[in-house]
Q: 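My structure is below; once you've seen it, I'll send some questions.
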Amino acid sequence: MASKVHDIVIVGSGAAGGTLAAHLAHGGVDVGIVEGGPPIDTRTAFNTHALPFHFPNRHIPTMKPGKSGFHSERARGVGGKTLTWNAVAWRFSQRDFKGRTFDGAGEDWPIDYADLAPYYTKVEREIGVCGNRDGLEDLPDGDFLPPVPMKCTDVAVMKGAAKLGVKVIHVRKATLSRPKFGRPSCHFCGNCMAGCDVVAKYNSADVHLRPAMKTGKLTVYSDAVVREVVVNGDNRATGIRYLNRETGSEGEVMGRGVVVCCACVQSVALLLMSKSARYPVGLANSSGHLGKHFIPHLMGGVQCFLREFIGKEPANDEGFLDHAYVPSFMHTRKRDYARSFGVQFNYQNRRSVGWARSLPGFGKQYKESVAARYPAFLTFSPYGEMLPNPKSFIDLDPGQKDAHGLPAARRHVHWGANDLKVFDDMTKWSVRILESAGADILTVSDEPRTNHELGGARMGSDPRTSVVNRFCQTHDVKNLFVVDGSVFPSASEKNPTHTIMALAARTADHIQERLRKGEL
């Protein structure tokens, strides 16, 4: 058993955990961060530049031979999902924080845009976010590095969308378009979601945790799969218990406070596993709302060929992936549903050409057809906001265990009537925009898929209907916090990671103030 008692123990080392740990450590708080995976050398561990023909069945593994981590449903390694994320970084707007007030549907957050705006700015200045200041009400501007240029195919989509009164903007990403912080700018060498071996793209291990360790205030416990948050008889969190990922041996990390930052479903599962006589249905679950209000993004998809580019010389444009974005534009239009959608596009993995199976032909003619269409292929992926409903929730599977013998988490997703209307409309708009851009449609998704898991430990002012308060502090245990996508009362249509990091920075300030006053 560990004998040291940290000021704060953080579970998870990704976007939330890394940001929170760094802010606390630089503020003089002694932090222990617990990660279920191993340390990873981001410069050498990933198959960033591998090609399909190097591997059986043309499948490129994430890690190089002999490198461990990233084999489970979630990234398991110091740095978490930030090591292989796409780095898209949007700010939420006031409309996103007050969806019920604006649209009469969904849930309002107990905070406003003004509460989080300074922390968005702080994070942008720390990690580097490139993008353009577009002056959009529903997509607030930030402190940006210059945007990366749009691809030729982006410009074609932008022209087609403009004919329909739809705007296309430069993407905003936590990837450097100019050298900064001793990190080089992106040189567009490979798929961002396969790892970035020069750290042009933000990851928490290199950008937040490594500098924070130099303060002497941060200890990283790797290969430690947390199975329980420990609460004593005085209703105080005293630390966590874990299983060593390789040996299965048990250990404990103790602290004056605990912050759960595992990622949405995993954080909810950990709290559900942390049962006791005081909390028989899950830790911090006196409301009975832990696991409820699961609201992942609903995702569609259209694949097409832009006729203008059929037969053109192919270009290696996979680096950085998507350079452009269709921001939400439905809030000001008449519609028969609440909320909205946005579209990520042109971030296809050029090393994977599954669409070639759908083309007719054989032999030389077939190969020529694939080669001609290779520069013209484009994916269009709209993301919509799901509304909370009682049939969508997270629980533990009573009959299934994971590789460590812990109860497996289950996701229950039910699309409500409003969700299906959003999906139908965002699919129709996607096809309209692409056809306006001169595209031949190849495939169209006929039902929603999930992405960006959110909800399950909802933030709210009423302890009877929520799990955490406006500072991500659980209503039931004053020195236990949850900071990740699970606390979102509503999803927006925007990628959530930038908001998660801003929440982590804000929570760090709150924790430091509570520690200073002796209130934690």
Side-chain angles (χ1 to χ4, degrees), residues 1-14 16-36 78 204 208-209 212-222 224-243 250-262 267 270-271 273-279 282-286 290 457 459 463 467-484 486-487 503-520:
M1 289 290 185
S3 57
K4 179 175 182 177
V5 179
H6 297 280
D7 291 328
I8 296 294
V9 175
I10 299 171
V11 186
S13 65
T19 302
L20 183 67
H23 282 233
L24 290 174
H26 287 297
V29 178
D30 186 86
V31 179
I33 192 165
V34 187
E35 166 57 47
V78 176
S204 73
H208 269 140
L209 296 180
M213 291 179 71
K214 295 178 181 178
T215 67
K217 293 291 185 178
L218 176 61
T219 304
V220 178
Y221 299 86
S222 56
V225 180
V226 178
R227 66 175 180 84
E228 181 184 7
V229 177
V230 182
V231 176
N232 66 14
D234 295 325
N235 196 33
R236 290 184 56 81
T238 60
I240 60 90
R241 294 194 178 106
Y242 68 85
L243 301 173
E250 294 193 1
E252 186 173 47
V253 182
M254 301 173 66
R256 295 168 58 192
V258 175
V259 189
V260 176
C261 303
C262 306
S267 289
L270 176 58
L271 295 175
M273 284 191 290
S274 301
K275 297 178 181 179
S276 64
R278 186 188 293 267
Y279 298 107
L283 180 57
N285 192 23
S286 65
L290 181 64
M459 178 191 296
V467 178
V468 302
N469 67 15
R470 64 197 309 269
F471 291 105
C472 296
Q473 181 180 31
T474 62
H475 294 298
D476 291 350
V477 183
K478 74 174 184 177
N479 68 335
L480 173 64
F481 296 77
V482 182
V483 186
D484 55 32
S486 65
V487 306
L503 284 172
R506 183 172 183 264
T507 302
D509 278 0
H510 179 74
I511 288 174
Q512 288 183 74
E513 181 66 10
R514 298 284 74 75
L515 287 171
R516 185 183 68 81
K517 292 182 176 181
E519 297 175 352
L520 198 62

Q: Where the side chain of R278 meets the backbone of G233, is there a donor-acceptor pair that is under 3.5 Å apart?
A: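 Between the backbone of G233 and the side chain of R278 there is a qualifying donor-acceptor contact (under 3.5 Å).
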Q: Given 3.5 Å as the limit, does a donor-acceptor pair link the side chain of E228 with the main chain of S274, or not?
A: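 Answer holds: no.
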Q: What are the two closest heavy atoms between V78 and S13, and how far apart are they?
A: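 Scanning both residues completely, I find the closest heavy atoms to be CA-OG, 3.5 Å.
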Q: Kindly give the heavy-atom pair with the smallest separation between V9 and M254, and that separation in Å.
A: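 Nearest heavy atoms, V9 then M254: CG2-O, 3.4 Å.
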Q: For A237 and V229, which heavy atoms make the closest approach, and how far apart are they?
A: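 Between these two residues, the closest heavy atoms are CB-CG1, 4.4 Å.
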Q: Looking only at heavy atoms, what is the nearest atom pair of H23 and A505, with distance?
A: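 The answer is CE1-CB, 3.6 Å.
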Q: Donor-acceptor pair, T215 side chain versus A212 backbone, under 3.5 Å?
A: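 Yes: the side chain of T215 pairs with the backbone of A212.
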Q: Please tell me if the side chains of V258 and I8 come closer than 4.5 Å, counting only heavy atoms from C-beta onward.
A: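 No, their side chains stay 4.5 Å or more apart.
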Q: Got a second to check how far L209's CG is from S204's OG, nearest 0.5 Å?
A: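 That separation rounds to 4.5 Å.
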Q: So, S267 versus D484: side-chain donor-acceptor pair below 3.5 Å or not?
A: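 Side-chain D/A pair, S267 to D484: present.
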Q: So does V468 get a backbone contact from the side chain of H475, meaning a donor-acceptor N/O pair under 3.5 Å?
A: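 Answer holds: yes.
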Q: Under the criterion side chain to side chain contact (heavy atoms under 4.5 Å, CB included), which of D476, V477, N469 is the partner of Q473?
A: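 Only match with Q473 under side chain to side chain contact (heavy atoms under 4.5 Å, CB included): N469.
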Q: At what distance, to the nearest 0.5 angstrom, does CG of N479 lie from CZ of R514?
A: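 Rounded to the nearest 0.5 Å, the CG-CZ separation comes to 13.0 Å.
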Q: How long is the span from the NZ atom in K217 to the NE2 atom in H26, to the nearest 0.5 Å?
A: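 K217 atom NZ to H26 atom NE2 measures 13.0 Å (nearest 0.5 Å).
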Q: Mind checking whether H510 and F481 have parallel, tilted or perpendicular rings, split at 30° and 60°?
A: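 Correct class here is perpendicular.
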Q: Less than 4.5 Å apart, any side-chain heavy atom of N285 and any of L271?
A: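 Answer no - side chains too far apart.
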Q: With side chain to side chain contact (heavy atoms under 4.5 Å, CB included) as the test, would you mind laying out the steps for V260 and V483 before giving the verdict?
A: CA-CA 6 Å; V260 176; V483 186; over 6 Å; no
Q: Rounded to the nearest 0.5 Å, what's the gap from CZ on R241 to CD on E250? Could you check?
A: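 So the CZ of R241 and the CD of E250 are separated by 8.0 Å.
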Q: Show your working on side chain to side chain contact (heavy atoms under 4.5 Å, CB included) between V225 and Y242 and close with a plain yes or no.
A: CA-CA 5 Å; V225 180; Y242 68 85; 5.7 Å; no
Q: Applying side chain to side chain contact (heavy atoms under 4.5 Å, CB included), run through T219 and V31 and close with a yes or a no.
A: CA-CA 6 Å; T219 304; V31 179; over 6 Å; no
Q: Quick one: pull up CG in L218 and CG in L24 and give me the separation to the nearest 0.5 Å.
A: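 L218 atom CG to L24 atom CG measures 9.5 Å (nearest 0.5 Å).
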Q: Looking at residues at least two apart in the chain, or sitting in another chain, which of them share a salt bridge (charged side-chain N to carboxylate O under 4.0 Å, His left out) with R236?
A: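 Here no residue qualifies.
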Q: So which heavy atom on G17 is nearest to which on I33, and how close?
A: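 The pair with the smallest heavy-atom distance is O-CD1, 3.6 Å.
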Q: Please check if the side chain of T474 supplies one atom and the backbone of L480 the other of a donor-acceptor pair under 3.5 Å.
A: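 Checked: pair present.
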Q: Quick check: do V487 and V467 have side-chain heavy atoms less than 4.5 Å from each other?
A: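 No; the side chains remain at least 4.5 Å from each other.
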Q: Hey, is D30 close enough to K4 for a salt bridge, meaning N to O under 4.0 Å?
A: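 Yes, this pair counts.
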Q: Nearest 0.5 Å, what's the CG-SG distance between L20 and C472?
A: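 Result: 9.5 Å between the selected atoms.
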Q: Walk me through it: do V231 and L283 pass the test side chain to side chain contact (heavy atoms under 4.5 Å, CB included)?
A: CA-CA 9 Å; V231 176; L283 180 57; 3.5 Å; yes
Q: Looking at every non-hydrogen atom in both residues, tell me the closest pair between H6 and V253 and how far apart they are.
A: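 Result for this residue pair: CD2-CG1, 3.7 Å.
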Q: Less than 4.5 Å apart, any side-chain heavy atom of R470 and any of R506?
A: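 Counting from C-beta outward, R470 and R506 do come under 4.5 Å.
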Q: Strictly distance-based, threshold 3.5 Å: is any side-chain N or O of N232 a donor or acceptor partner for the main-chain N or O of N235?
A: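 Answer holds: yes.
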